[in-house]
Amino acid sequence: APHGPELTYRQLNCDDPETEQVAQVAVDYINSHLLQGYKHTLNQIDKVKVWPRRPFGEIFELEIDTLETTCHVLDPTPVANCTVRQLVEHAVEGDCDFRVLKQDGQFSVTFAKCDSSPDSAEDVRKVCPDCPLLAPFNHSRVVHAVEAALAAFNAQSNGTYFQLVEVSRAQFVPLPVSTRVEFAVAATDCVAKEVTDPAKCNPLAEKQYGFCKATVTEKVGQEDVAVTCTLFQTQPVVPQPQPDGTDVVVPTSAPVDPAASVSPPASPPAASLVVGPMV
Amino acid sequence: PVVQPGVAGAAGPVVPPCPGRIRYFKV
């Protein structure tokens, strides 16, 4: 490397519009690369340094805090329209380090590392002593609640059988004693009324995802299952360009960016279909 | 007599550049 003046960074205000622009690029990157859980939104910019980059451009070194929203990553709703998960619901924060290259006015993420963690039980208790806390997904009560809710949903379905994609949230409610769960589902090639072995059902090539919220309440000798599912618009099978110029139709890949893979504006609006509640 | 030099630019409170504003709440 040629001798020259040492590279020094430029200090930018964390609330500077340019910093906020870069932070938004970072948050969009997070949400388009999340494979499970909920979309995140920007809460605070912790640090920013701007390094000159040879031969051209600048590297923004950024530390940001995010908060979980109530929109599942499979939900095509833009994150700007999603509600932030409140403290009383047991909030989850993200702590992220980013490096973003700005060159010719264009931003590109060159490094990203995020950790997410739920608020502490003590902090939740401070603002709400009786609020339910997050529960582990592998707890027998959670597993049972999800199975019962999915079975109830499919039992009411006159069409497609939906299979579980992931459990995304679970809480134990003290009074009445109940288990609250949230989970994602996907349409399969099976008919709900005819399924004998769910393991033989396969997700459709034209993916249709849904998001369910359920409460399973324990009663003496029985239980009540209340489940509400929102089905999202199908994600079309898109043609993939091939090296020889032909297009081959393949299923859209795993839910990397559901918002980007919904139909173009000329199609009907991406309205979600709300199904339920069913008890 | 010894005269103290004037202090320039000490008008308002200095806002630290970082961290930035909290948009929702601190966890």
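Lettering of chains follows the sequences in order, A, B, ..., and the numbering in each one begins at 1.
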Proximity breakdown for [X] and chain B, heavy-atom pairs closer than 4.5 Å:
X: A/Thr19; result: neither
X: A/Glu20; result: side chain
X: A/Val48; result: both
X: A/Ile45; result: both
X: A/Asp16; result: neither

TODO: Go through the structure and list residues passing side chain to side chain donor-acceptor pair (under 3.5 Å) with A/Lys49, not counting sequence neighbours.
DONE: none

Top of [options] for chain B proximity - count of heavy-atom pairs under 4.5 angstrom:
options: A/Glu93, A/Gln86, A/Gln44, A/Gln11; value: A/Gln44
options: A/Asp123, A/Asp65, A/Thr41, A/Leu42; value: A/Leu42
options: A/Asn43, A/Val84, A/Asp15; value: A/Asn43

Task: Residue A/Phe111 excluded, over 12 heavy atoms near CZ under 6.0 Å - done: yes

Pair [X]-[Y], side-chain donor/acceptor within less than 3.5 Å:
X: A/Tyr38; Y: A/Thr70; answer: no
X: A/Trp51; Y: A/Glu58; answer: no
X: A/His72; Y: A/Glu166; answer: yes

